[in-house]
Number of protein chains: 2
Amino acid sequence: MLELFNYINAISPIKEKTFVELQNLFKPIKLKKNEFFVDDGSYANEIGFLQKGIVRAFFLNEEGKEYSKQFFVGPSLIGAYTSLLTRQPAKIAQQALTDCELLVADYRALEKLYDTHHDLERLGRKIAEYYFLEKEQKEIEMALLDADKRYLIMRKKFPAIESQIPQYYIASYLGISPTQLSRIRRKLLES
Amino acid sequence: MLELFNYINAISPIKEKTFVELQNLFKPIKLKKNEFFVDDGSYANEIGFLQKGIVRAFFLNEEGKEYSKQFFVGPSLIGAYTSLLTRQPAKIAQQALTDCELLVADYRALEKLYDTHHDLERLGRKIAEYYFLEKEQKEIEMALLDADKRYLIMRKKFPAIESQIPQYYIASYLGISPTQLSRIRRKLLES
DNA sequence: TAAGTTTCTTTACATATGTAAATGAATGAC
DNA sequence: GTCATTCATTTACATATGTAAAGAAACTTA
């Protein structure tokens with residue numbers, strides 16, 4: 001739990017008393033490689049703190065095309081944030097790409113604590129703001145950079161990931177086909 | 001100010017007393033067409049409530065390529081959100097595309113009210129969450145839909161905008177060239 | 001109204017990237 | 001260790017989209 005405390009505290013400091021109540025909500029679980037933390041179409045109820053492992057969030061459209069929106073490398077918060085906020089079925093699934101260890105909590109219980117703990121509400125605000133900043137960053141990258149530049153950024157951001165997961169997930173994260181990623185990789189090796 | 005109150009209250013209800021303090025922070029200003037509300041490279045200090053008019057947020061990269069991230073059609077909150085949150089110079093400028101009327105407030109003063117008004121902090125959280133949801137929605141559209149589908153969505157989302165601003169802003173919003181937008185428009189007319 | 005400016009469309013060509021299929025390499029199961 | 005499966009690369013071809021330049025249309029404004 002110490003890891004969770006440190007992680008949270010770095011985002012927005014909370015009182016020890018608040019954290020005690022918070023940690024009561026979390027239970028440890030494990031996910032095997034390829035298992036899902038969030039299923040497409042399900043109503044999300046849980047938020048997770050990924051301690052070890054890699055998780056991807058991905059969107060599947062009607063044509064069966066996948067877009068790997070995001071990678072999470074522990075330590076990190078995970079969960080179908082949009083589904084939790086909107087109470088609509090999740091459109092974005094989350095899948096373990098390696099064996100994972102995490103702590104999970106009921107989001108509604110956590111949300112209730114907001115009423116009585118201003119510091120926790122502030123944490124919630126900071127997290128939402130942080131998520132927004134992350135998204136905006138990626139939006140700009142996608143709009144203004146070529147795939148080869150995005151690939152280099154991705155490698156810097158997730159240095160450990162490349163050797164641990166299949167290339168086609170990375171291609172999908174970059175918004176390109178595996179073929180194109182292969183071409184980019186070759187070009188980088190040549191130069 | 002009533003419009004602001006209604007707008008805010010629909011996101012997250014706040015006490016009347018809180019709103020009284022809040023509204024003291026806001027002053028009315030006007031922007032002429034093409035004037036900037038936020039300049040690229042400046043430190044943002046103000047948040048604005050756009051009452052009338054259209055504003056675009058756009059990013060300019062080193063190669064001089066523009067990406068019109070977003071349109072705001074009043075009533076709407078505007079401001080260099082990222083710069084306000086990070087206290088870094090704004091990378092995203094905001095420019096009036098029509099004559100505009102707005103209310104502006106000092107963001108730091110508003111932020112201070114968070115400490116003493118839990119309901120305002122909650123509003124801040126809801127707004128951040130809402131921004132996140134919006135971004136995620138656009139991310140998915142950009143990743144999985146063709147430009148012609150995105151164009152149709154854009155027209156539905158901003159029905160009034162198309163006749164009021166140049167096409168090349170819309171092209172930039174869609175992430176395509178004006179040439180390509182023109183081709184898409186022709187194809188839609190033909191079918 | 002006329003001239004000048006801005007914007008939109010069109011054309012021709014170049015390029016990035018996609019799809020499908022074949023091959024080769026790596027990985028995992030037994 | 002062998003076989004089967006999964007994954008990565010390559011090739012050939014198709015397509016979407018970009019760039020540049022020219023012409024047409026739509027607006028400003030004097």
Side-chain angles (χ1 to χ4, degrees), chain A residues 32-35 54 56 58-68 71 95-99 141-155 158 161-191, chain B residues 32-35 54 56 58-68 71 95-99 141-155 158 161-191:
Chain A
K32 288 239 169 284
K33 182 175 169 180
N34 293 329
E35 268 189 284
I54 302 172
R56 73 167 181 135
F58 71 99
F59 186 95
L60 184 70
N61 77 357
E62 324 79 48
E63 295 148 25
K65 221 161 122 184
E66 266 185 19
Y67 168 54
S68 290
F71 296 122
Q95 179 187 26
L97 297 183
T98 64
D99 292 351
E141 284 170 16
M142 295 294 280
L144 288 173
L145 300 181
D146 289 338
D148 46 358
K149 296 210 190 78
R150 299 206 301 273
Y151 174 57
L152 291 174
I153 289 172
M154 180 269 155
R155 286 218 297 203
F158 303 108
I161 235 179
E162 219 181 350
S163 55
Q164 293 186 66
I165 67 171
Q167 295 291 328
Y168 51 76
Y169 289 139
I170 294 173
S172 159
Y173 173 83
L174 296 172
I176 58 178
S177 64
T179 308
Q180 186 61 12
L181 178 54
S182 184
R183 284 194 275 243
I184 288 169
R185 283 157 61 87
R186 182 178 46 183
K187 219 169 63 185
L188 286 174
L189 284 176
E190 281 167 4
S191 61
Chain B
K32 287 240 169 283
K33 182 175 169 179
N34 293 330
E35 268 189 284
I54 301 173
R56 73 165 179 136
F58 70 101
F59 187 95
L60 185 70
N61 75 357
E62 322 80 49
E63 295 148 26
K65 221 162 124 183
E66 266 185 19
Y67 168 54
S68 290
F71 296 121
Q95 180 188 24
L97 297 183
T98 65
D99 292 350
E141 284 170 16
M142 294 295 279
L144 289 172
L145 300 180
D146 289 339
D148 48 357
K149 295 211 190 79
R150 299 205 301 272
Y151 174 58
L152 292 174
I153 290 172
M154 181 268 154
R155 286 217 299 202
F158 303 109
I161 235 180
E162 218 181 349
S163 55
Q164 294 185 66
I165 66 172
Q167 295 291 327
Y168 50 77
Y169 290 140
I170 294 172
S172 159
Y173 173 81
L174 296 173
I176 57 178
S177 63
T179 308
Q180 186 60 13
L181 177 55
S182 184
R183 285 194 275 242
I184 288 169
R185 284 157 60 87
R186 183 179 43 182
K187 218 168 63 184
L188 286 173
L189 284 176
E190 280 168 5
S191 61

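Below, chain A is the first sequence line, B the second, and so on; all start at residue 1.
The CD1 atom of A:Ile176 sits 12 Å away from the P atom of C:dT19 (whole-angstrom rounding). Taking atom CG of A:Asp148 as the reference point, atom P of C:dT17 lies 7 Å away to the nearest angstrom. Between the P atom of D:dA8 and the CD1 atom of A:Ile170 lies a distance of 8 Å, rounded to the nearest Å. Straight-line distance from the CG atom of B:Leu144 to the C1' atom of C:dG18: 15 Å, rounded to whole Å. At whole-Å resolution of the value, CG in B:Leu189 and C1' in C:dC8 are 13 Å apart. Atom CZ in B:Arg185 sits about 5 Å away from atom P in C:dT9, given to the nearest Å. The nearest whole Å value for the distance from the CD atom in A:Gln164 to the P atom in C:dA26 is 19 Å. To the nearest angstrom, P of D:dC27 lies 11 Å from NZ of B:Lys33.
At distances below 3.5 Å, not a single donor-acceptor pair connects side-chain atoms of A:Ser68 with backbone N or O atoms of A:Ser172. A donor-acceptor contact shorter than 3.5 Å links the side chain of A:Asp99 to the backbone of A:Lys33.
With C:dA20, D:dA8, D:dG18 as the choices, the nucleotide that has an atom nearest any side-chain atom of A:Thr179 turns out to be C:dA20. Counting only heavy atoms from C-beta on, B:Gln180 has its side chain closest to D:dA16 among D:dT19, D:dA16, D:dA8. Between D:dT9, D:dG18, C:dT17, one nucleotide has an atom nearer to the side chain of B:Ser177 than all others, and that is D:dG18. Here the side chain of B:Arg183 is nearest to one of C:dA16, D:dT9, D:dT19, namely D:dT19.
Paired with A:Tyr173 under the rule ring pair (Phe, Tyr, Trp, His ring centres under 6.0 Å), one option of A:Phe59, A:Tyr67, A:Phe71, A:Tyr168 passes, and it is A:Phe71.
Of the side-chain N and O atoms in A:Tyr168, none sit less than 4.0 angstrom from OP1 or OP2 of D:dA8. At least one side-chain nitrogen or oxygen of B:Arg186 sits closer than 4.0 Å to the OP1 or OP2 atom of C:dT10.
Closest-nucleotide positions on DNA chain D for A:Leu181 and B:Ala147 were compared, and the one nearer the 5' end corresponds to A:Leu181.
Using a 3.5 Å distance cut-off with no hydrogens or angles, the side chains of B:Gln180 and B:Tyr151 do not pair a donor with an acceptor.
Atom CD1 of residue A:Ile170 and atom CD1 of residue A:Ile161 lie 6.5 Å apart, to the nearest 0.5 angstrom.
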